[in-house]
Amino acid sequence: PERPYAPMNLSRAGAGTEDELHEVEDAYNQMAQRLSSYHEAVRYREEELSRLNVDLEVKSVEQRVTAEAIRLANASLEERVEQRTRELTQAKTDAESYLTQLRTAIEAISAGFVMFDADERLVLWNEAYRRISSKTAHLLVPGIKLEPLLRARVKAGEIANIAGDVEAWIQKRLWRYRNPGEPWEGVTDTGAVHLIQEQATRDGGRIILRTDITALKDNEKRMAELHAHLQGALESITAGVIIFDKNEKIVAFNDSFRKAVLPFSARLRPGVSLEEWVSHISAQGHYGDVDPDFVAERIRKFRNLETVEFTERWSDDSEHLIMARHYRTPDGGTFIFREDVTAHKRIEERLRHAQKLEALGNLAGGVAHSLNNLLLPIMALSKLTVDGLPSASPSRPILEKVVEASLRAKDLVARVLAFSRQDAPRKALVDLRAVVSDAVRLARSSIPPIIHLESGIVAQPVPVMADTP
C-alpha cells in the first residue's frame, strides 16, 4: 500500500460484546502496525536495493574503466619492456664490441698495460704485461688485489734491486701507486729497465704502463760515452770550438771557447740558439761598436759557411782579431773553429814589412850595381888624369877630390850591396869611429839644411866585429 493502514474502530459496529470488539480492534491495530512497519521496511529495503544497484553500476563502470586502464597499462608496459629489452640488448652488444675494441687497442700497445679498479682489484691487462710478469702470470685473474699480486711478484724474484727491508719496499710501492706522480724507472729480474707511468681514472682506479726503455738507456749510455770522447777531443784543441745542431742550437763547446767568452759563460749552455747567443754577447759589447745589422749578417755568414773575421773586446779592454771558420757536420749541424789571429796578423804585418825591405834591398842592389858600373870609369879616368898632371897643376887638387869622392861612393855602393845580398854576413874587425863618421857625412848630405846634425866621436879607437862589404 501507498499509505499505512488506518486504525480500526469497531465501537459503532454493534457486533459482539464490547470486550471482543476491543480484542478484535486491538488485534487489527497490532496487525495494521505490523503491516505498516513491514511496508516501511520494504520501502527501506527497496531504497537500499536501489542504492546498491546504483553502487553496483558505478562499481561495474569503475571495474570496466580499471580493467581498460590495466589493459592499456599492460600493453604500454609490455611495449616499454620490449623497447628496454631491445635497448639493453643493443647496449650489451655495443659494450661487448667496445670491450673487444678496447682489448684489441690494449693489445696493440707495445708497453705493458694493466688496469685496477677503485678497490685495487685487477680488471684488464695485455699480453705485454703478462710477459713482464711471466713467473706470476697464473695469478693474473680479474678480481685479484694489487697487494697480494705485488707480494707474489717480489717472492718470485720478478723485481730486482730491492735493497733493504722488503716489507718497507712493498709499502713504499703501494704508497706510490696510491699517490701517482711523475714516471719512474724500475728494473726487472732480467735486467730490463722499465719506465713506469701510473694514472688515476675518473672512477678512482689506476692504469699502469710499463715501457721497456732498456735500449734507450743503452743508447743514452753510449751517447754519454761518445759525448765524453767528443768533449775530450774538443778539449785537446787549443782554439775555441763550438758545435750547433741542425736547428742552430748549441750542442757542445770546449774550455778554450768558454774562456774566450768568460764574462758571458752563464748564458753559454746547450740548447741556446745561435741568434740568442750572438744577440746577447753583441748587446754586452763583446764585439765592440758594431752596426745594427751585425747580428743578422753574422747569422747569414754562419748559414753560408763563410769564414769571417771580427774584433772582440775582452774583459781587460784589449781588442783581439778573431777568425771563425764554419764547417757542416754530417747530421746537418755546424762546427765553428774560432782562433785568435791577432798575433798571426802582427807576424804577417812584419813579414810583409820584411818582404818590402827585401824588395827594397833587391832594388838597391840593382841600383848599386848600376852605380858601381858608372863609378868604375870615373874612378879610373880620374886616377889616370891625376897621375898624368904635374904636382903644381891647379887642376890636380880638384881631380884628387873627384877621386876621393869616387872612392867614398864606391864604399857606399859596397855597403848597399852588402845590405841587399842574401848570403851570410862576413864579420871583420872595424873601427866604429870611421863607420859613424861615414854615416854622419851621408846623413848630412841627405837631410834638409834646416836640420842641424851634431856628432861626437871619441879619440881612441872603438874596434867592433861588423859585417863588411
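This one's a predicted model, so the numbers in the text were calculated from it and none came from an experiment.
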Taking the side chain as C-beta and beyond, is there a heavy-atom pair between [X] and [Y] under 4.5 Å?
| X | Y | value |
| --- | --- | --- |
| Ile196 | Tyr177 | no |
| Arg303 | His326 | no |
| Thr329 | Asp245 | no |
| Tyr98 | Gln101 | yes |
| Ile144 | Leu140 | no |
| Glu454 | His452 | yes |
| Glu79 | Gln83 | no |
| Arg298 | Glu275 | no |

- Would you say His353 has more than 12 foreign heavy atoms packed within less than 6.0 Å of its NE2?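 No - once you tally the heavy atoms of other residues, nucleotides and ligands closer than 6.0 Å, there are 12 at most.
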
Using only atom types and a distance under 3.5 Å, with no angle test, would you say the side chain of [X] pairs donor to acceptor with the backbone of [Y]?
| X | Y | value |
| --- | --- | --- |
| Ser273 | Glu248 | no |
| Thr307 | Arg325 | no |
| Asp331 | Gly333 | yes |
| Asn247 | Lys249 | no |

- Message: Glu235 vs Gln231, test: side chain to side chain contact (heavy atoms under 4.5 Å, CB included). Steps then yes/no.
- Response: CA-CA 6 Å; Glu235 295 301 337; Gln231 195 64 39; 2.9 Å; yes

Of all residues at least two apart in sequence or in a different chain, which pass the side-chain hydrogen bond (donor to acceptor under 3.5 Å, both in side chains) check with [X]?
| X | value |
| --- | --- |
| Lys259 | Asp255 |
| Glu185 | Lys217 |
| Asp165 | none |
| Glu276 | none |

- Message: Tell me the closest heavy-atom pair linking Asn254 and Leu234, and the distance in Å.
- Response: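 So the two residues come closest at ND2-O, 3.0 Å.
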
- Taking all heavy atoms of Ala156 and all of Lys135, pick out the closest pair and write down the distance.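 Scanning both residues completely, I find the closest heavy atoms to be O-CD, 3.4 Å.
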
Using a 3.5 Å cut-off and no angle test, enumerate the donor-acceptor pairs between side-chain atoms of residues 111-124 and protein atoms at least two apart in sequence or in another chain.
residue	atom	partner	partner atom	Å
Asp117	OD1	Asp119	N	2.9
Asp117	OD1	Glu120	N	3.1
Asp117	OD1	Arg121	N	2.8
Asp117	OD2	Arg121	NE	3.0
Asp117	OD2	Arg121	NH2	3.2
Asp119	OD2	Arg121	NH2	3.1
Glu120	OE1	Arg178	NH2	3.3
Glu120	OE2	Arg178	NE	2.7

- Message: Could you work out, with salt bridge (Lys or Arg N to Asp or Glu O under 4.0 Å) as the rule, every residue matching Glu167, not counting sequence neighbours?
- Response: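 Salt bridge (Lys or Arg N to Asp or Glu O under 4.0 Å) list for Glu167, sorted by chain: Arg151.
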
- Does Glu309 have any salt bridge (Lys or Arg N to Asp or Glu O under 4.0 Å) partners at least two apart in sequence or in another chain, and if so, which?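 Once residues adjacent in sequence are excluded, the partners of Glu309 under the salt bridge (Lys or Arg N to Asp or Glu O under 4.0 Å) criterion are Lys345.
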
- Task: Please determine which of Ile243, Val241, Leu268 meets the side chain to side chain contact (heavy atoms under 4.5 Å, CB included) test together with Phe253.
- Result: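 Going through Ile243, Val241, Leu268 one by one, the side chain to side chain contact (heavy atoms under 4.5 Å, CB included) with Phe253 is satisfied by Leu268 alone.
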
Pairing residues for [X] by the side chain to side chain contact (heavy atoms under 4.5 Å, CB included) criterion, not counting sequence neighbours:
| X | result |
| --- | --- |
| Arg346 | Thr342 |
| Arg153 | Tyr129, Ile132, Ser133, Thr136, Glu158, Ile159, Arg210 |
| Ser110 | none |
| Thr85 | Val81, Thr89 |

- Whether Phe244 and Phe302 hold their rings parallel, tilted or perpendicular, with breakpoints at 30° and 60°: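 Plane angle over 60°, so perpendicular.
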
- From Thr188 atom OG1 to His194 atom NE2, the distance as rounded to the nearest 0.5 Å: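 Rounded to the nearest 0.5 Å, the OG1-NE2 separation comes to 5.0 Å.
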
- Message: salt bridge (Lys or Arg N to Asp or Glu O under 4.0 Å), that's the test. Do Glu127 and Arg130 meet it? Break it down for me.
- Response: CA-CA 5 Å; Glu127 179 62 22; Arg130 192 195 65 79; 2.5 Å; yes

- Among Arg206, Arg173, Arg176, find the one that has a salt bridge (Lys or Arg N to Asp or Glu O under 4.0 Å) with Glu198.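 The salt bridge (Lys or Arg N to Asp or Glu O under 4.0 Å) with Glu198 is passed solely by Arg173 among Arg206, Arg173, Arg176.
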
- Pairs touching residues 98-111 that satisfy salt bridge (charged side-chain N to carboxylate O under 4.0 Å, His left out), sequence neighbours left out: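 Qualifying pairs: none.
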
- Check ion pair Glu87-Arg84 (N to O, under 4.0 angstrom):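 Arg84 and Glu87: salt-bridged.
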
